Amino acid sequence: MDKLIIQGGIRLKGEVKVSGAKNSVLPILAATLLTDETCLIKDVPHLRDTNSMLKILRSLGKIVEFDKGRVIVAAGKKSSYIADYKLVSTMRASFCVLGPLLSRFKQAKVSLPGGCVIGVRPVDLHLKGIKALGADIQIDSGYILAKAAKLKGTHIYLGGAFGSSVLATDNVMMSAVLAQGKTVIESAACEPEVEDLANFLNKMGAKITGQGSPTIEIEGVKSLRGATHSVIPDRIEAATWIIAALITNGDVLIKNVNYRHLGALIDKLGEAGVKISQKGDSLHIKGHKRLKAVNITTLPYPGFPTDMQAQMMALMSVTDGISVITEKIYPDRFMHVAELNRMGAHIQREGPHAIVEGIKRLSGAPVMASDLRASACLVLAGLAASGKTAISRIYHLERGYENIESKLKDLGAKVWREKE
Ligand code: EPZ
């Protein structure tokens, strides 16, 4: 296993281009299971998670080519409706093949995803939605067995204890596109990635309206055709680069950004004293005076994204004042707190809250990545810290950030890999 070494204290300068959204491309790749015709997906980021999803499509009988950001998915000789444990357990998002498989084959056998360090990650809302559409669900030795002679459109309330669910909305939408009649999903997830999936499904011939709002309507159709689609830019990657520019007091032009998807972050940074200038689909971020500490509460979109919480904590750990960070989506998503404290941060965890008392400067140290966004947080902290930071288990980082080392080097950062 490799570790990433960062020589801190260098102000990032230059331009960086954001890649396609990981959390958009994964369900969109799953949606190609809904047709035997060929699909072309563009702006696909080269990531561990993308490769995991392509492996699952191949195991389900698809012929897949992936080159220079373009994925072609075509029908193979035989297809399967069984997504096996080995593959699904490596990436939770693969659970979103359940809906497409059930729609196409009227049956599906998908391994239950395990939990992960950020939380238990239940799937009760996914199952509630597909049951409401008429599927019979059994759980047998860690697999979900779903069967439905016919899927019938219905009205489903999909809100859970933590609000809406992104992948449950995706799974139910993909279970409803070929169902008989109309389905209404209330308390649907509004994330841009859900909207992107619905737009791709409509290109395939689905009849979906209301995507991006809490009420999505799906008129079932007989079949879906192949389609071509370009994935939206990754708003979480864009947000990570914004924090990187600020925490190093740098001067960075971030290209391929959908400003509309960053409302909550831009609003919060405005409160902290940051002015962000937008030029078309680019943002120009100049670090300047020390920022003001702000309080953060993560919420479903358009609220402040939980996938940005760890990165924001890195910034607040070197910002004057006290910042209270409340995690309402995954109350245990604080594995990065102990690692930041190893670098000299003053952060105290109180249940779903982290109280961050800003200090002047972090100091480099050996730290360990625990999940994708925690590893991004540690990279940001390492960039700002004095001395060297060695981040182990960086395979977490490679799951969600395309070519991050070369992007950092292009901005002047001193980063390199060493064997563990
Ligand atoms: C998606 O996960 C994202 N992953 C996550 O990003 C993101 O953190 C999350 O949405 C929230 O925005 C992908 O899109 C691949 P949820 P998902 O269902 O859909 C609870 C990253 O770093 N819940 O919206 O699995 C759940 O426990 C990853 O890129 C239920 O209670 O998340 C959580 O508290 C991490 N029952 C809340 O809902 C269910 O059936 C939101 O989870 C499903 C979820």
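Note that the coordinates shown come from a computational prediction; the quantities given were computed from them, not determined experimentally. Counting from 1, the numbers follow the sequence of the chain as shown. Quick note: numbers below take in every heavy atom, side chains included, and nothing from hydrogens, waters or symmetry partners. Both counts, for ligands and for their atoms, begin at 1 and track the order of listing.
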For ligand 1, the portion of [X] having any non-hydrogen atom under 4.0 Å away:
X: Arg333; answer: side chain
X: Tyr301; answer: neither
X: Thr306; answer: side chain
X: Lys22; answer: side chain

Problem set entry | salt_bridge(Arg235, Glu193) N-O dist < 4.0 Å | yes
For this session: Ignoring hydrogens and angles, tell me if any N or O in the side chain of Asp196 forms a donor-acceptor pair with the backbone of Pro192 under 3.5 Å.
Result: no
For this session: Using atom types as modelled and distance alone, determine if a side-chain donor or acceptor of Lys292 lies under 3.5 Å from a backbone N or O of Gly321.
Result: no
Enumerate the atoms of ligand 1 whose separation from the nearest heavy atom of [X] is less than 4.0 angstrom.
X: Ala93; answer: 15 (C)
X: His126; answer: 40 (O)
X: Leu125; answer: 36 (N), 39 (C), 40 (O)
X: Arg92; answer: 25 (O)
X: Asn23; answer: 3 (C), 4 (N), 6 (O), 13 (C), 14 (O), 15 (C), 21 (C), 29 (O)
X: Asp307; answer: 5 (C), 6 (O), 7 (C), 8 (O), 21 (C), 22 (O), 28 (C), 29 (O), 35 (C)

Exercise. Of the listed options (Phe162, Tyr330, Phe95), which comes nearest to atom 38 (O) of ligand 1 when hydrogens are ignored and any heavy atom counts?
Worked result: Phe162
Exercise. Hey, are Thr306 and Arg333 close enough side-chain-wise for a donor-acceptor pair under 3.5 Å?
Worked result: yes
Exercise. If we only count heavy atoms from C-beta on, is the Leu178 to Leu151 side-chain gap below 4.5 Å?
Worked result: no
For this session: Examine Ile329 against ligand 1 and note whether any of their N/O atoms are separated by less than 3.5 Å.
Result: yes
Problem set entry | Ala168, any N or O under 3.5 Å of ligand 1 N or O | no
